[in-house]
Enquirer: 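I have a structure I would like to understand better, so I am pasting it below and will then ask my questions one at a time.
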2 protein chains.
Amino acid sequence: MSRWEPDARGRLLRAALELFAEHGYESTTTAQIAERAGLTKTTLFRLFSDKREIVFQAQDELVALVKRGVDEADVGASPFELMVSGVRVLSGAHVDEHRRTGRILDPILAASPELNERAVFKRFALTVALEKALFNRLVDRWEAGALADLGIRAYYLGYDVWVASDGPAPLTSYVLEQVTHLQGAMQRVTNS
Amino acid sequence: MSRWEPDARGRLLRAALELFAEHGYESTTTAQIAERAGLTKTTLFRLFSDKREIVFQAQDELVALVKRGVDEADVGASPFELMVSGVRVLSGAHVDEHRRTGRILDPILAASPELNERAVFKRFALTVALEKALFNRLVDRWEAGALADLGIRAYYLGYDVWVASDGPAPLTSYVLEQVTHLQGAMQRVTNS
DNA sequence: GTCTATACAATGATAGAC
DNA sequence: GTCTATCATTGTATAGAC
């Protein structure tokens, strides 16, 4: 028995997505979002560090996932296998609901430079997390960086295909397909 | 003979760097920067689209440079050589004054999440520009993306070494050294 | 064509009451 | 944990001065 409706974060997120879809990101004020969620601006900024984080905060847990994927890999795993283990756990966390959210969110993102910048920052944070986890498993410094770029690129490419498709295949299968494409490309290109 | 002191942009940049170094980025207001430059807030925002761009606007020309480097490469160049041509022209534009600026700017960047986010965005913009230029030269889609990651990573790694060092060698030599490191790493890692 | 003055909307921080 | 209220700052818009 609490005095307030539960799940303030979720209500704010849903309200924000609705309003952004209706009027665009920039034309929606934080006061409007809070009002639709039955809260005030003050509460919104206590729960989210800024307006962009309403949409992106959920991504922060992905950093822990990619790290866990690398940490859990077998002792004898090669650097490439360590990277694959990271992106496998990362993409394994996405259920079908994320695909629906992505379909709503992606056009909003594309229309807002401000949200785009934050999206790029989150991608970079994922890359750094993967690189550190690989380096921590005694992977060479340059191998760790280059593999992190490759893995996160595969993850984003796979994500785009997954969101655009309707099949029952999980995100992971799309991402692993992209890993194979990129691995082949790198073999061709670095042995010329 | 003009009625105003020339180089308003440069004066604003120098004023901003001084104030950021003295009091930090967040504690410096745009009004203070404008005042030290002998201008008003209105003029500052006419010359720079936002506060962060005072520090980063100069980077925008780098996008054109990396594209030109790829476009100018010989007809028979391999994908890898195209990428190298891009980062060579990119890093060739940095004279020694940029190293001094970098030494002032880097600690300011490191201390400000807001500036950090913009820095990451500019890095991504460079990557996308390189990827597009490579794709435009009929490089395979996956090769273009992976090579762009590799080239821009080499550029940033080389830049860090260059700024920290005192030798007379140009940035380009440091960057090309990093390209070699990353090429070797990718060969080892993708053939396991 | 560049700068200034002024007014204004929105983000985000802060302090105190329930 | 939430609310009201107030505040500084960023960034925009307008109209005009040199």
Side-chain angles (χ1 to χ4, degrees), chain A residues 1-57 60 108-109 111-119 121-122, chain B residues 1-20 22-57 60 108-109 111-119 121:
Chain A
M1 278 294 183
S2 63
R3 276 169 293 178
W4 306 282
E5 294 297 319
D7 191 24
R9 266 197 175 80
R11 266 155 52 219
L12 284 164
L13 174 58
R14 283 187 292 276
L17 287 180
E18 286 171 21
L19 288 164
F20 294 163
E22 289 170 25
H23 312 114
Y25 173 79
E26 316 226 311
S27 304
T28 305
T29 69
T30 52
Q32 290 174 318
I33 298 166
E35 189 193 358
R36 183 166 299 198
L39 295 165
T40 59
K41 199 164 68 83
T42 312
T43 306
L44 187 157
F45 281 111
R46 192 175 46 77
L47 294 172
F48 299 99
S49 56
D50 63 37
K51 189 180 171 185
R52 295 174 278 296
E53 281 298 289
I54 303 171
V55 158
F56 285 113
Q57 196 179 74
D60 283 355
I108 298 170
L109 279 189
S112 161
E114 213 175 328
L115 285 178
N116 229 288
E117 188 165 348
R118 180 58 54 87
F121 188 72
K122 297 287 183 179
Chain B
M1 276 302 180
S2 66
R3 277 165 295 180
W4 304 282
E5 294 296 318
D7 192 24
R9 267 197 175 79
R11 267 155 51 218
L12 284 164
L13 174 57
R14 282 187 293 277
L17 287 180
E18 285 172 21
L19 288 164
F20 294 165
E22 288 170 26
H23 312 114
Y25 173 80
E26 315 227 308
S27 304
T28 305
T29 69
T30 52
Q32 290 173 317
I33 298 166
E35 189 193 357
R36 183 168 296 200
L39 296 164
T40 61
K41 195 167 70 86
T42 311
T43 305
L44 188 157
F45 281 111
R46 193 173 45 77
L47 294 173
F48 299 98
S49 56
D50 64 36
K51 188 181 172 187
R52 296 171 278 298
E53 281 298 289
I54 303 171
V55 158
F56 284 113
Q57 197 179 73
D60 284 353
I108 298 170
L109 280 188
S112 162
E114 213 176 327
L115 285 178
N116 229 291
E117 187 165 348
R118 179 59 53 87
F121 188 72

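Below, all heavy atoms of this structure are taken into account, side chains as well, without hydrogens, waters or symmetry copies. Order of the sequence lines fixes the chain letters, A, B, ..., with proteins taken first and strands second; residue numbering starts at 1 for each chain.
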Enquirer: I need the minimum non-hydrogen distance between B:V55 and B:F20, along with the two atoms involved.
Expert: CG2-CE1, 3.9 Å

Enquirer: Measure from CZ on B:R46 to P on D:dT10 and round the result to the nearest Å.
Expert: 18 Å

Enquirer: Take the protein atom CG of A:L44 and the nucleotide atom P of C:dA13, then report the distance between them rounded to whole Å.
Expert: 11 Å

Enquirer: Decide whether a cation-pi geometry holds between A:K51 and A:F45; the criteria are a distance under 6.0 Å from NZ or CZ to the six-membered ring centre and an angle within 45° of the ring axis.
Expert: no

Enquirer: If I compare all heavy atoms of A:L12 with all of A:A34, which pair ends up nearest, and what's the gap?
Expert: CD2-CA, 4.0 Å

Enquirer: Output the distance between atom CD (A:E114) and atom CD (A:E26), rounded to the nearest 0.5 Å.
Expert: 6.0 Å

Enquirer: Give B:T28 one of three labels, base, sugar-phosphate or nothing, depending on what nucleic acid heavy atoms sit under 4.0 Å from its own.
Expert: sugar-phosphate

Enquirer: Can you name the nearest heavy-atom pair linking A:L47 to A:R9, along with the distance?
Expert: O-NH2, 3.3 Å

Enquirer: How would you summarise protein contacts on nucleotides 12-18 of chain D per nucleotide, using B for base, S for sugar-phosphate only and - for none, with heavy-atom distances below 4.0 Å?
Expert: BB----B

Enquirer: For a quick test of reading the model: is some side-chain N or O of B:T29 closer than 4.0 Å to OP1 or OP2 of D:dT9?
Expert: no

Enquirer: Take atom CG of B:L47 and atom P of D:dG11, then tell me their distance rounded to the nearest Å.
Expert: 14 Å

Enquirer: Using atom CD of B:E35 as one end and atom P of D:dT9 as the other, report the distance to the nearest whole Å.
Expert: 13 Å

Enquirer: Provide, to the nearest angstrom, the distance between the CZ atom belonging to B:R9 and the C1' atom belonging to C:dG1.
Expert: 13 Å

Enquirer: Is the phosphate of D:dG11, meaning OP1 or OP2, less than 4.0 Å from a side-chain N or O of B:R52?
Expert: yes

Enquirer: Using only side-chain N and O atoms of B:T43, determine if any of them is under 4.0 Å from OP1 or OP2 of C:dC3.
Expert: no

Enquirer: Over all heavy atoms of both residues, which pair between B:T28 and B:I33 is shortest? Give the atoms and the distance, please.
Expert: CG2-CG1, 3.7 Å

Enquirer: From CD of B:E26 over to P of C:dT11, roughly how many Å is that when rounded to an integer?
Expert: 18 Å

Enquirer: Atom NZ of A:K51 to atom P of D:dT10: distance rounded to whole Å?
Expert: 18 Å

Enquirer: Taking CG from B:D50 and C1' from D:dT10, how many angstroms apart are they, rounded to a whole number?
Expert: 9 Å

Enquirer: So, for B:L115 and B:Y25, which heavy atoms are closest and what is the spacing to 0.1 Å?
Expert: CD1-CD1, 3.6 Å

